[in-house]
2 protein chains.
Amino acid sequence: MFLVSLIPIRSGTPSGSGPERSDAARNRELLLCAARQLIEECGADGLTMDKLAERAGVGKGTVFRRFGSRAGLMMTLLSDSEAEFQGRFMFGPPPLGPGAPPLERLIAFGAGRIGYVLEYGDLARAADHSVYNRFEVPAAVLWHRHIEYLLREAGLDADPWLMAMSLSATLDPERLLYAVRVQGVSPERLEESWRQLVTRVVRPAE
Amino acid sequence: MFLVSLIPIRSGTPSGSGPERSDAARNRELLLCAARQLIEECGADGLTMDKLAERAGVGKGTVFRRFGSRAGLMMTLLSDSEAEFQGRFMFGPPPLGPGAPPLERLIAFGAGRIGYVLEYGDLARAADHSVYNRFEVPAAVLWHRHIEYLLREAGLDADPWLMAMSLSATLDPERLLYAVRVQGVSPERLEESWRQLVTRVVRPAE
DNA sequence: ATATTATCCGGACCGTAGTCCGTTTAGTAT
DNA sequence: ATACTAAACGGACTACGGTCCGGATAATAT
């Protein structure tokens with residue numbers, strides 16, 4: 001029904017008109033490899049498009065033709081783990097996947113997302129940053145729809161779209177990383193607060 | 001108790017060591033005036049620091065000495081309306097100000113903030129953007145503390161700091177503007193969803 | 001008035017994301 | 001093998017935020 005696509009993230013491969021040329025494919029691999037190297041050395045924030053082009057031994061134009069933008073590159077780097085997470089919450093075992101009651105799935109979704117952000121946080125933040133509309137990135141749309149769907153299943157008697165927006169906001173990488181890294185909040189405390197939040201949200205008003 | 005400062009926003013005036021020099025004061029006025037002009041003409045996003053310096057007839061260095069950064073300039077431009085809003089929710093008449101029950105104050109706070117963001121949204125977004133930590137801006141800290149305080153007053157039996165973070169997230173300018181401008185959500189619908197959210201949050205778990 | 005000094009000024013300079021376009025090359029048809 | 005073409009390449013270029021430092025200037029002391 002709302003199953004859009006499991007891997008909605010541009011992988012750097014142009015979608016239209018046949019397979020890509022061999023030099024293009026080779027350069028894409030070179031770039032992804034160089035990007036992972038640089039991130040290991042300098043962190044995601046320290047990766048610049050110039051350094052990446054130089055390290056990969058290609059021109060700067062090639063980098064942008066492959067990935068469109070810095071955010072596009074970051075999303076490509078995240079696509080594997082993102083697809084894996086999407087697979088787990090859509091088709092995997094309960095309580096994250098189908099089979100468990102909606103509230104439990106919501107709680108598990110938050111916990112899963114918190115874990116994901118804490119693992120790939122810098123990358124996720126770099127991907128969000130400076131993309132014109134972070135909320136229309138396919139992956140973000142999918143999470144939103146998933147939360148909205150679970151809210152409806154749980155019988156929410158309020159505005160599901162906006163309530164899903166509020167819940168998504170809570171799981172924003174930038175905010176979660178601030179809480180953990182700057183404020184020293186533990187992941188367990190985050191998960192518990194998320195549990196409290198969604199439990200209250202789905203309970204009917206009076 | 002948690003009353004930090006009513007006007008915690010850098011006004012472009014250096015805080016330390018006596019009054020500013022007359023040429024500095026004159027240039028600050030020139031710059032603020034030019035900034036408002038440019039925003040009227042090009043919108044907040046269209047304002048660049050180079051154009052601003054040229055329009056005001058000063059060097060670029062002067063712009064950055066006054067305001068520190070683009071975000072600092074935007075905050076300075078917002079400081080009057082921000083101080084006015086702070087005054088209303090801290091000392092003004094109920095239900096926004098003290099005197100009303102905490103839940104009603106929370107509801108009014110959200111409505112007030114939604115109105116504020118819809119009025120000064122682009123400016124607020126530009127101020128948030130590219131400041132290293134948006135969450136440590138004095139105004140943001142004050143809102144957070146206010147929400148946290150009201151949650152405690154309302155007898156919240158969950159993590160007040162994190163719950164205040166979740167509620168703040170819902171009121172993020174970027175998200176609210178996306179909902180209204182791109183998704184066509186009405187301000188009334190936003191307010192109603194906020195009301196539903198905070199009402200559920202403050203109600204005790206079982 | 002003159003000298004002194006702390007502050008401020010200006011604009012050249014840097015790093016970065018993203019664009020543009022003349023040149024090269026991989027695939028294909030003959 | 002050769003010619004052709006669409007795609008890809010590369011790196012100079014632009015726009016922007018932000019820094020730096022030698023020179024100018026406002027306030028103050030004498």
Side-chain angles (χ1 to χ4, degrees), chain A residues 10 12-32 34-35 38-39 42-76 125-132 134, chain B residues 10 12-31 34-35 38-39 42-77 125-132 134:
Chain A
R10 300 252 104 265
T13 44
S15 46
S17 66
E20 66 181 338
R21 248 166 61 169
S22 62
D23 51 349
R26 189 201 59 216
N27 282 335
R28 196 188 60 234
E29 290 314 309
L30 282 174
L31 282 166
L32 288 175
L38 282 174
I39 286 174
C42 323
D45 295 341
L47 180 149
T48 75
M49 302 305 259
D50 288 278
K51 275 199 281 188
L52 174 58
E54 191 192 348
R55 175 68 66 101
V58 306
K60 197 177 179 181
T62 302
V63 183
F64 281 89
R65 193 167 334 91
R66 278 308 116 197
F67 304 108
S69 67
R70 190 169 187 279
L73 168 68
M74 299 299 178
M75 286 191 236
T76 303
R125 200 152 48 87
D128 272 6
H129 214 63
S130 98
V131 68
Y132 180 65
R134 328 164 16 213
Chain B
R10 299 253 105 267
T13 45
S15 46
S17 67
E20 67 182 339
R21 248 168 61 169
S22 63
D23 51 349
R26 190 201 60 217
N27 281 335
R28 195 189 60 234
E29 290 314 309
L30 282 173
L31 282 166
L38 282 174
I39 286 175
C42 325
D45 295 342
L47 181 149
T48 75
M49 301 306 258
D50 289 279
K51 276 199 278 187
L52 174 58
E54 191 191 347
R55 175 69 66 102
V58 305
K60 196 177 179 180
T62 303
V63 183
F64 281 90
R65 193 167 334 91
R66 279 309 114 196
F67 304 108
S69 68
R70 192 169 185 278
L73 168 67
M74 300 299 179
M75 285 191 235
T76 302
L77 290 172
R125 201 152 47 88
D128 272 7
H129 215 65
S130 99
V131 70
Y132 180 63
R134 330 165 12 214

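Order of the sequence lines fixes the chain letters, A, B, ..., with proteins taken first and strands second; residue numbering starts at 1 for each chain.
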Could you tell me the separation between the NE2 atom of A:His129 and the C1' atom of C:dT16, rounded to a whole number of Å?
13 Å

Applying side chain to side chain contact (heavy atoms under 4.5 Å, CB included) to A:Thr62 and not counting sequence neighbours gives A:Asn27, A:Leu31, A:Val58, A:Arg65

Please report the shortest heavy-atom distance between A:Ala127 and A:Ala71, naming the atom on each side.
O-CB, 3.3 Å

Minimum heavy-atom separation for A:Lys51 and A:Gly46, please, with both atom names.
NZ-O, 2.9 Å

So, is A:Thr62 close to the D:dG10 phosphate, meaning a side-chain N or O under 4.0 Å from OP1 or OP2?
yes

In whole angstrom, what separates A:Arg66's CZ from D:dG10's P?
11 Å

Taking atom CD of A:Glu29 as the centre, does the number of heavy atoms from other residues, nucleotides or ligands within less than 6.0 Å exceed 12?
yes

Expected string for nucleotides 21-30 of chain C under the B/S/- scheme (protein heavy atoms, under 4.0 Å, primed atoms plus P, OP1, OP2 as sugar-phosphate) is ----BSS---

Nearest heavy-atom pair of A:Ala35 and A:Leu73: which atoms, and what distance?
CB-CD1, 4.4 Å

Between the protein and nucleotides 17-19 of chain C, list the N/O to N/O atom pairs that are separated by less than 3.5 angstrom.
from, atom 1, to, atom 2, distance (Å)
C:dA17, OP1, A:Arg70, NE, 2.9
C:dA17, OP2, A:Met49, N, 2.9
C:dA17, N7, A:Lys60, NZ, 3.1
C:dG18, OP2, A:Arg70, N, 2.9
C:dG18, N7, A:Lys60, NZ, 3.1
C:dG18, O6, A:Lys60, NZ, 2.7

Between C:dT16 (P) and A:Leu73 (CG): distance, integer Å
15 Å

Integer-rounded Å distance: D:dG11 C1' and A:Leu52 CG
15 Å

Test side chain to side chain donor-acceptor pair (under 3.5 Å) applied to B:Arg70 - qualifying residues, sequence neighbours left out:
none

Side chain to side chain donor-acceptor pair (under 3.5 Å) partners for B:Asp23, two or more places apart
B:Arg21

Under 4.0 Å from OP1 or OP2 of C:dC8: is there any side-chain N or O of B:Asn27 that close?
no

To the nearest Å, how far apart are B:Leu30 CG and C:dC9 P?
10 Å

With sequence neighbours left out, the residues meeting side chain to side chain donor-acceptor pair (under 3.5 Å) with A:Asp45 are none

